[in-house]
Novice: 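Submitted below is the structure of interest, expressed as structure tokens.
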Amino acid sequence: MKVSPFPAAAEHELANVQLRRNLRAATDTIQSKRARVVAELPDWEALRDAGSEIKADVLARLDELLVEFETAATAAGAHVHWARDGAEAGAIVARIAREHDVDEVVKVKSLTTDEIQLNDVLATAGVRAIETDFAELILQLDGDWSSHILVPAIHRNRTEIRDLFARTIAPGIVSDDPADLAEASRVYLRERFLRAKMGVSGANFGIAETGTVCVVESEGNGRMCTTLPPVLVSILGIEKLLPRFDDLEVFLQLLPRSSTGERMNPYTSLWTGVTSGDGPQELHIVLLDNGRTRVLRDEVGRQALHCIRCSACLNVCPVYTRTGGHAYGSVYPGPIGAILTPQLIGIENASSLPYASTLCGACYEVCPVKIDIPRVLLHLRAEAVRARGRSAERLTMRIVGWTFESARRFTLAQRVARTAQTPFARGGLVRRLPPPLSGWTRSRDLRAVAKTSFRSWWAGR
Amino acid sequence: MRIGLFVTCLGDTLYPETGRAVVTVLERLGHEVVFPAEQTCCGQLHANSGYPDEALKLVRRFESIFGSYDAVVSPSSSCVGHVRELAPELAPRVFELSELLVNRLGVEDVGASFPHRVAYHPTCHSLRVTKVGDAPLRLLRNVRGLELVPLERAEECCGFGGTFAVKNAATSSAILADKCDAIEASGAGYCTAVDGSCLLQIGGGLERRSGGVRALHLAEILAATESA
């Protein structure tokens with residue numbers, strides 16, 4: 001997999017004025033809700049520290065925690081599988097479906113399954129995966145894909161959704177009232193929940209101590225998937241573990257406040273193995289690597305694995321709020337995507353993503369688990385430079401560096417620039433420059449090199 | 001106090017008036033300002049573009065030039081933040097101008113007069129890296145005749161981001177457009193900040209719009225003694 005270059009993808013998205021308006025309105029709302037509920041907690045900073053420390057501890061001893069999780073989950077009656085990558089995980093899920101003669105599964109909203117394109121893998125195996133999260137359903141019906149971690153269809157408005165429903169699951173629907181749209185999806189989904197023989201979920205957390213899987217959600221459709229069908233398969237990215245059940249206390253405060261801006265999310269589902277006569281009678285847990293152990297090897301970059309997928313960093317990002325999620329070319333958009341995707345799929349496959357940031361630091365400020373995103377971005381930029389090898393930019397930066405190493409060379413460079421700008425400068429401003437600097441002058445004037453530099457003025461003082 | 005002035009590569013070349021203003025303000029307060037002529041760039045450009053080795057070389061060079069001063073001042077908060085991070089020994093003696101004045105020298109009224117409406121844009125690095133807090137605002141509130149006007153979404157980035165402005169020109173321009181809209185809507189005649197690079201971006205956008213609003217470094221307002 002390779003991600004298309006961000007600058008061009010972003011420029012394409014920027015042309016969509018409606019998208020920018022939708023995004024801005026939606027992210028503004030979530031952002032201000034978040035700020036309000038975060039301000040209520042006097043120990044918010046201590047919670048962030050705790051969240052960050054627990055996650056760092058998990059990554060430091062992931063090997064033993066994974067085994068502990070497997071042992072506890074197995075003892076509780078779950079079947080635990082290990083998958084090196086998306087293909088292995090998909091094959092495991094498809095095999096389970098085949099063994100139970102299942103051709104349709106209902107799905108809980110899950111980024112991890114999107115990451116490994118599980119629906120496509122299942123389709124190839126003759127199994128239809130039905131997305132049951134309202135926004136995920138919209139995207140599935142439209143053949144579209146997620147542009148936000150929390151609100152995947154943020155780029156669609158309700159009229160567009162009404163038209164889509166009229167074409168697909170609710171012929172004849174005329175109202176675009178949210179309640180009517182929700183009712184249309186309810187009618188469609190209820191039937192599928194009731195007939196489903198198998199449910200598929202991701203996981204927000206896995207508890208090593210008890211072998212418990214946890215999913216938090218707003219709609220309750222996820223709980224339908226995890227309780228109604230007799231067979232349940234949960235796919236867990238290996239970094240989702242927490243050592244102890246008590247650790248949930250920290251994360252169930254951090255996540256809803258950072259994510260939806262709520263004190264508590266409406267549905268928190270926890271399941272530990274199987275219970276006779278209650279819920280699914282067969283539980284499979286797939287522990288997925290898919291690049292995560294590679295991320296773990298990088299001491300600076302590994303903090304990206306702290307992420308609890310709250311999406312707060314997206315909502316405050318000056319870049320994301322203009323371009324939307326599709327420009328990032330992955331299911332993980334925004335600042336977290338810019339540091340996670342290149343690490344998961346290799347910097348050579350996503351080398352423009354670490355540059356998709358102004359380094360403003362707003363993301364780090366809101367991150368509930370204190371991922372120093374700007375620091376990781378710089379680290380990955382250096383990796384990208386290394387991976388690219390020789391390039392015009394590298395040569396330029398070398399020459400610029402060499403120039404800066406001597407005041408005499410720097411002064412000479414100032415003089416050269418002053419002469420070189422003559423054809424472009426008028427009245428102290430440069431209005432048009434040749435590429436690659438034309439990027440600047442397309443929307444901005446550039447201050448011309450001053451007639452008298454500061455150092456010349458000082459020398460003549 | 002003997003203060004070493006780091007004028008920055010950008011300030012030296014494009015905005016000499018900002019450096020001159022820093023000298024004016026500090027000398028007016030009775031301090032000795034020295035400009036070590038060996039200085040060039042702090043290396044932030046390289047650090048932010050993925051060239052940490054080159055950046056470190058330039059920071060070391062900076063240390064050797066400025067190591068002997070009681071205090072080092074710069075009109076660029078992002079350069080100060082960069083130097084503080086990579087030269088921790090020197091860090092306690094390196095200041096952005098407003099920090100030096102308010103926190104180190106304890107001055108909030110520098111005797112300036114600037115009878116205009118001014119919007120203050122708190123730059124990202126001054127807020128989140130250098131953490132200058134409200135030092136610039138304290139200084140602005142004491143400038144005679146100056147009317148500070150509120151800026152909508154003041155704490156949002158201007159879209160500069162170093163090479164981002166060129167590599168991702170379209171996105172950078174979209175972010176800038178919103179910042180310029182906010183500045184124009186504020187009714188200010190001037191937008192000020194403590195980073196020359198952000199002012200290059202904001203000023204460039206405002207000039208292109210020809211709306212008559214100007215970007216001006218805080219130092220130049222503090223140096224001004226215009227009468228109403």
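We name chains A, B, ... by the order of the sequence lines, and we start the count at 1 in each one.
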Novice: Does anything in residues 161-174 of chain B reach chain A? List residues with heavy atoms under 4.5 Å apart, or say none.
Specialist: B:Gly161, B:Phe164, B:Ala165, B:Val166, B:Lys167, B:Asn168, B:Ala169, B:Ala170, B:Thr171, B:Ser172, B:Ser173, B:Ala174
Novice: For A:Glu405, is it the side chain, the backbone, both, or neither that has a heavy atom closer than 4.5 Å to a heavy atom of chain B?
Specialist: both
Novice: Could you look at A:Arg418 and say if it's the side chain, the backbone, both or neither that has a heavy atom under 4.5 Å from chain B?
Specialist: neither
Novice: Enumerate the residue pairs fulfilling side-chain hydrogen bond (donor to acceptor under 3.5 Å, both in side chains) with a member in residues 22-33 of chain B, sequence neighbours excluded, ordered by first and then second residue.
Specialist: A:Arg461-B:Glu27
Novice: Can you tell me which portion of A:Glu393 sits under 4.5 Å from chain B's heavy atoms? Options are side chain, backbone, both or neither.
Specialist: both
Novice: Run the ring-centre check on A:Phe454 versus B:Tyr15 and record whether the distance is less than 6.0 Å.
Specialist: no
Novice: For A:Thr441, which atoms come within 4.5 Å of any heavy atom of chain B: side chain, backbone, both, or neither?
Specialist: both
Novice: Check each atom of A:Arg388 against the heavy atoms of chain B and say whether the ones under 4.5 Å are side chain, backbone, both or neither.
Specialist: side chain
Novice: So for A:Leu359, is it side chain, backbone, both, or neither that comes closer than 4.5 Å to the heavy atoms of chain B?
Specialist: both
Novice: Which region of A:Val316, side chain (C-beta onward) or backbone (N, CA, C, O), has a non-hydrogen atom less than 4.5 Å from a non-hydrogen atom of chain B, or is it both or neither?
Specialist: neither
Novice: What residue, out of A:Trp402, A:Tyr364, A:Tyr355, A:Trp458, has the most heavy-atom pairs lying under 4.5 Å from chain B?
Specialist: A:Trp458
Novice: Which residues in residues 189-222 of chain B have any heavy atom closer than 4.5 Å to a heavy atom of chain A?
Specialist: B:Leu200, B:Gln201, B:Gly204, B:Gly205, B:Glu207, B:Arg208
Novice: Could you tell me which portion of A:Val385 (side chain, backbone, both or neither) has an atom closer than 4.5 angstrom to a non-hydrogen atom of chain B?
Specialist: side chain
Novice: Who among A:Arg442, A:Met397, A:Gln414 has the most heavy-atom pairs with chain B under 4.5 Å?
Specialist: A:Met397
Novice: Measure distances from A:Ala8 to the heavy atoms of chain B and classify the residue's part below 4.5 Å as side chain, backbone, both or neither.
Specialist: neither
Novice: Is chain B contacted by the side chain of A:Ser438, its backbone, both, or neither, given a heavy-atom distance below 4.5 Å?
Specialist: neither
Novice: Does a salt bridge link A:Arg455 with B:Asp12, judged by any charged N lying under 4.0 Å from a carboxylate O?
Specialist: yes
Novice: Give the interface residues of residues 22-34 of chain A toward chain B, defined by a heavy-atom separation under 4.5 Å.
Specialist: A:Arg24, A:Asp28
Novice: Could you tell me which of A:Ala450, A:Cys360, A:Gly439 has the largest number of non-hydrogen atom pairs under 4.5 Å with chain B?
Specialist: A:Cys360
